[in-house]
Amino acid sequence: MKIVVTDRNRNKHTLDALDGWRVMEIIRDYGMRDAALGLKAECGGALSCATCHVYVGAKWQEKLPPATDEEQDMLDAAFEVEDNSRLSCQILMNDDLDGLEITLAPGSEP
Amino acid sequence: MHGMTKHHTTDALVIGAGPVGLFAVFELGLLDIKTHLVDILDRPGGQCAELYPDKPIYDIPALPVVSGQELTDRLMEQIKPFDPVFHLSQMATTVEKTNDGWRTITDAGTVIESKVVIVAAGGGSFTPKKPPIKGIEEFEGTSVFYAVRNRAAFKGKRLVVAGGGDSALDWALDLFAEADELTLLHRRDEFRAAPHSVEKMRALVADGKMKLQIGNLKGLKGTNGHLSALVLTDHDVPCDTLLAFYGLTMKPGPLADICAGAGVEMQAGLIPVDTEKFETTAPGFFAIGDINTYPGKLKLILSGFHEGALMAQKAFQYVHPDRKWRFEYTTSSTGLQKKLGVR
């Protein structure tokens with residue numbers, strides 16, 4: 001299972017993903033070794049900070065469960081929020097999401 | 001008790017009143033070490049209270065589930081017998097060596113002399129999130145603000161308040177009469193702020209006393225630190241002053257300067273310590289919790305508690321050099337039980 005992440009310099013990275021993992025955890029894990037993938041994610045997945053903000057590739061949006069009201073509220077604390085904005089801590093990997101395309105949003109740098 | 005006067009002398013100063021800093025007060029207190037704490041937030045609890053007060057934590061020993069706020073409340077109860085002094089809403093900016101210890105100075109002008117200093121600063125200081133706009137620094141302090149320090153600064157201005165939470169709504173409702181023109185800028189036409197604030201705002205907008213602009217802030221226009229307009233996705237909004245409320249985030253803050261001034265080595269933003277005493281490269285200057293680093297370090301509250309206990313044993317030697325150190329258990333020592341007020 002893979003995800004394809006576009007970093008803030010528009011470079012693409014293919015990352016190994018694990019079933020049940022949060023997309024935030026996968027990117028953060030790689031980000032510890034590769035600064036281009038750095039993700040602040042400071043609340044650690046508690047839906048309390050908006051510093052794991054990402055954009056989801058167009059064809060993947062409908063495959064994701066819609067954002068909850070809590071996630072929408074938290075996105076208010078992110079920057080440059082678009083229709084395809086999500087908090088990556090709220091996306092859990094599964095087989096249907098193999099190949100998921102993600103772009104890191106501004107304001108989520110560590 | 002809260003610190004009121006500006007100059008204090010104590011045994012130990014803890015920088016950071018998160019769970020690890022709070023529990024350090026307990027371990028220090030058992031060894032007759034009086035503690036003051038400094039924290040930038042307006043209440044104790046650190047990340048637990050600020051980032052996830054309502055979220056469950058599952059890895060605190062003997063508490064199968066506890067919220068960040070409840071953990072904070074329980075720690076406050078646990079350290080009450082030791083009567084710690086809190087200096088809140090202020091940030092430690094310098095720590096300097098003195099003849100018999102350390103002098104810590106905060107950005108509120110508080111001066112605390114102590115025998116030992118313990119940094120328990122976690123991920124750093126909570127500071128307002130800044131929009132990731134190139135060149136915004138040029139405007140900060142003159143026409144871009146993240147807090148209201150002086151209401152008069154907004155008088156007669158074309159003020160834009162950005163955000164959709166309580167801070168944004170409360171200040172918009174408070175300052176619309178002060179400003180020449182007030183625009184509330186938010187990314188969507190829904191607000192997470194308290195419903196009665198949202199109602200008031202909607203009424204003012206309907207009366208033409210406040211403007212509501214839905215959109216994304218993309219850039220700033222102006223010269224020499226003076227704003228002329230905000231750039232949104234498809235148009236500009238004339239503006240002299242921007243007040244942005246996008247919540248708080250942790251930044252290293254002045255920790256690198258503090259450590260440089262105190263002769264404490266840092267590594268990639270963290271403070272290396274030994275794992276026997278959790279002391280830094282400067283004798284009498286300790287670091288516990290998420291801010292320190294050592295082989296095998298895990299950033300867990302649990303680890304920070306352990307680190308505080310070992311730190312306190314060494315701190316005892318600096319604070320009470322003339323006394324013999326003895327290890328005692330709270331279960332059996334009448335001395336400790338007296339300190340805890342249970343005997």
Side-chain angles (χ1 to χ4, degrees), chain A residues 6-10 20 22 24-25 28-29 31-36 38-56 61 66-90 103-110, chain B residues 46-59 67-68 122-124 126-134 136 162-169 185-193 214-219 231-233 244-252 268-269 290 299-301:
Chain A
T6 304
D7 68 26
R8 299 176 191 89
N9 297 317
R10 307 208 174 154
R22 294 165 193 273
M24 175 274 285
E25 295 175 294
R28 189 180 56 177
D29 216 35
M32 285 175 187
R33 282 160 283 157
D34 182 353
L39 193 65
K40 186 155 195 175
E42 73 178 329
C43 80
L47 197 48
S48 303
C49 75
T51 55
C52 66
H53 174 206
V54 297
Y55 305 113
V56 173
Q61 273 180 272
T68 59
D69 288 349
E70 289 78 17
E71 184 179 345
Q72 282 297 348
D73 282 354
M74 209 59 241
L75 276 166
D76 286 351
F79 298 101
E80 306 212 11
V81 177
E82 304 293 346
D83 291 342
N84 60 342
S85 282
R86 293 298 299 257
L87 295 178
S88 57
C89 70
Q90 300 303 302
T103 300
L104 302 185
S108 58
E109 302 86 353
Chain B
Q47 271 193 69
C48 284
E50 181 60 34
L51 274 184
Y52 42 83
D54 310 319
K55 304 287 171 179
I57 307 171
Y58 300 104
D59 61 354
S67 71
F126 276 101
T127 50
K129 278 188 196 164
K130 299 176 176 187
I133 292 172
K134 221 174 159 211
I136 196 167
D166 283 316
S167 299
L169 272 282
L185 170 66
H186 186 42
R187 72 172 184 97
R188 56 176 181 154
D189 199 8
E190 274 180 73
F191 295 82
R192 68 184 188 284
I214 305 303
N216 263 337
L217 184 59
K218 294 279 188 184
V231 181
L232 306 188
T233 312
F245 295 107
Y246 291 94
L248 301 178
T249 188
M250 279 191 291
K251 294 273 179 191
D290 285 1
K299 287 188 181 184
L300 292 176
I301 293 172

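These values consider heavy atoms only, across backbone and side chains, with no hydrogens, waters or symmetry-generated copies.
- For B/Leu248, the part lying under 4.5 angstrom from a heavy atom of chain A is the backbone only.
- If you check the side chains of B/Thr249 and A/Lys40, you find a donor sitting under 3.5 Å from an acceptor.
- Interface remark: B/Leu51 contributes backbone and side-chain atoms alike to the contact with chain A (heavy atom separation under 4.5 Å).
- Comparing B/His186, B/Gln47, B/Glu190, B/Glu50 by how many heavy-atom pairs each has under 4.5 Å with chain A, the most go to B/His186.
- Contacts between A/Glu109 and chain B at a heavy-atom distance below 4.5 Å are absent for every atom of the residue.
- Within the model, atoms CG of B/Asp166 and CZ of B/Phe245 stand 11.5 Å from one another, a figure rounded to the nearest 0.5 Å.
- Ranked by non-hydrogen atom pairs under 4.5 Å with chain B, the options A/Gly44, A/Ser48, A/Pro106 are led by A/Ser48.
- Looking at B/Arg188 and A/Leu75, their side chains never come closer than 4.5 Å, going by heavy atoms from C-beta outward.
- Checking A/Ser108 against A/Arg8 by side-chain atom types alone, a donor-acceptor pair falls below 3.5 Å.
- A/Glu42 contributes no side-chain N or O that, together with a main-chain N or O of A/Thr51, makes up a donor-acceptor pair within less than 3.5 Å.
- The parts of B/Lys129 that come within reach of chain A are both its backbone and its side chain, each placing non-hydrogen atoms under 4.5 angstrom from that chain.
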